[in-house]
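For reference, the structure discussed in these notes is given below.
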Amino acid sequence: MIQVENLKKCYGTFEAVKGISFEVKEGEIFGLLGPNGAGKSTTLEIMETLRDKTSGTVTIAGFDLDRQPDEIKKIIGVQLQTSGFYPGLRLIELVNLFNGLYNKAVDPIQLLSAVNLEDKATAQYKSLSGGQKQRFSIATTLINDPRIIFLDEPTTGLDPQARRNLWDLIRNIRNKGTTVIITTHYMDEAEYLCDRVAIMDAGKIIALDPPDRLIDQLLSSGFEKQKENKGANLEDVFIHLTGHALREEK
Ligand code: ADP
Ligand code: MG
């Protein structure tokens with residue numbers, strides 16, 4: 001679905017992306033992992049046609065990024081930073097605004113139901129909880145019925161319940177055939193969601209494989225965990241005590 005070859009991005013004399021190559025298969029959830037400053041967002045934004053590259057080739061669904069950016073825009077969904085929405089508008093109004101931008105006529109209630117926000121149709125964006133805002137911003141990526149969606153740290157700052165709820169949503173979107181590219185700092189999330197992950201560091205891809213294979217490779221190199229594994233962790237305790245139900249935090 002996506003081919004990236006020898007992609008480079010310089011900001012002035014600083015090389016933020018240093019000639020990376022990878023492919024994303026149709027229908028997979030592909031994770032871009034790496035510490036802050038690794039070049040994940042730069043790489044995403046280049047694929048999203050929002051940022052110019054310095055060199056290299058990018059092909060998305062057979063379309064060349066340099067020659068056919070408009071064709072690419074038609075088949076991708078891009079999650080905007082949540083602050084990009086007019087805070088005072090109601091969700092229905094925002095969906096209709098996006099309908100206008102994309103020249104679509106998606107039924108707002110149907111779209112909001114897909115992300116479990118039908119009850120919030122007439123609520124103002126600013127009144128939503130953090131998890132609801134993230135679900136709404138994912139909904140807006142689906143308006144043009146995209147073949148690929150790009151999610152940049154969609155679960156940052158969410159409580160464990162809202163995070164799990166978003167995992168279900170992302171899996172459902174993929175199960176309908178949409179290819180998903182996601183960045184995250186949560187390794188449990190990447191392990192749960194991603195078919196394959198690329199680990200970036202300082203502008204380079206230093207590993208690319210299914211999470212399970214990366215773990216097996218580490219173990220076969222003789223790696224041993226310091227702490228004994230208990231078969232449950234503190235997050236399990238937290239979810240056990242507080243339940244899976246979503247909370248409406250502000
Ligand atoms: P990540 O998303 O992995 O945290 P980014 O792609 O945002 O990384 O940034 C990669 C590097 O490029 C960082 O060192 C960052 O400071 C730098 N960078 C990002 N955007 C710009 C920009 N517009 N101008 C200059 N440097 C930038
Ligand atoms: Mg980033």
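Numbering of ligands and ligand atoms starts at 1, following listing order. Numbering starts at 1 and runs along the sequence shown.
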Write out the residue and atom name of the closest protein heavy atom to [atom], then the distance separating them to 0.1 Å.
{"atom": "atom 4 (O) of ligand 1", "value": "Gly37 N, 2.7 Å"}
{"atom": "atom 14 (O) of ligand 1", "value": "Phe14 CE2, 3.5 Å"}
{"atom": "atom 24 (N) of ligand 1", "value": "Tyr11 CD2, 3.4 Å"}
{"atom": "atom 7 (O) of ligand 1", "value": "Ser41 CB, 3.8 Å"}

Backbone or side chain, does any N or O of Asn36 fall under 3.5 Å from an N or O of ligand 1?
->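 No, no N or O pair falls under 3.5 Å.
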
Do the side chains of [Y] and [X] get nearer than 4.5 Å, heavy atoms only?
{"X": "Thr140", "Y": "Phe85", "answer": "yes"}
{"X": "Leu193", "Y": "Trp167", "answer": "yes"}
{"X": "Thr49", "Y": "Ile60", "answer": "no"}

With atoms numbered from 1 as shown, which atoms in ligand 1 lie under 4.0 angstrom from a non-hydrogen atom of [X]?
{"X": "Thr42", "value": "5 (P), 6 (O), 9 (O)"}
{"X": "Ala16", "value": "11 (C), 12 (O)"}
{"X": "Ala38", "value": "1 (P), 3 (O), 8 (O)"}

Do Arg163 and Asp188 sit within salt-bridge range, that is, some charged N less than 4.0 Å from a carboxylate O?
->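 A salt bridge is present here (some side-chain N lies under 4.0 Å from a carboxylate O).
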
Look at Ser41 and state whether any of its N, O or S atoms is less than 2.8 Å from the Mg ion (ligand 2).
-> yes

Is Arg213 atom CZ crowded by more than 12 heavy atoms from other residues, nucleotides or ligands, each under 6.0 Å away?
->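 Atom CZ in Arg213 is not packed in, count stays at 12 or less.
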
Regarding Arg164 and the six-membered ring of Tyr192, is the cationic atom NZ or CZ under 6.0 Å from the ring centre and inside 45° of its axis?
->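 That pair does not qualify as a cation-pi contact.
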
Please test Ile138 against Ile173 for side-chain contact (heavy atoms from CB on, under 4.5 Å), starting from the C-alpha separation and ending with a verdict.
-> CA-CA 10 Å; Ile138 290 178; Ile173 291 169; 3.6 Å; yes

Identified side chain to side chain contact (heavy atoms under 4.5 Å, CB included) partner of Arg51 from the options Leu44, Thr43, Thr42 =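 Testing Arg51 for a side chain to side chain contact (heavy atoms under 4.5 Å, CB included) against Leu44, Thr43, Thr42 leaves exactly one candidate, Thr42.
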
Side chain to side chain contact (heavy atoms under 4.5 Å, CB included) test vs Leu65 passes for just one of Val4, Leu7, Ile46, Thr57, namely Ile46

Which is it for Arg51 and ligand 1 at heavy atoms under 4.0 Å: side chain, backbone, both or neither?
->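 Near ligand 1, Arg51 shows its side chain, while the N, CA, C and O stay back.
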
Nearest protein heavy atom under 4.0 Å from atom 19 (C) of ligand 1, yes or no =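 Under the 4.0 Å cut-off, atom 19 (C) of ligand 1 does have protein heavy-atom neighbours.
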
Are there protein heavy-atom neighbours of atom 16 (O) of ligand 1 below 4.0 Å?
-> no

Looking at ligand 1, does Gly39 have a heavy atom less than 4.0 Å from it?
->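 Under 4.0 Å: yes for Gly39.
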
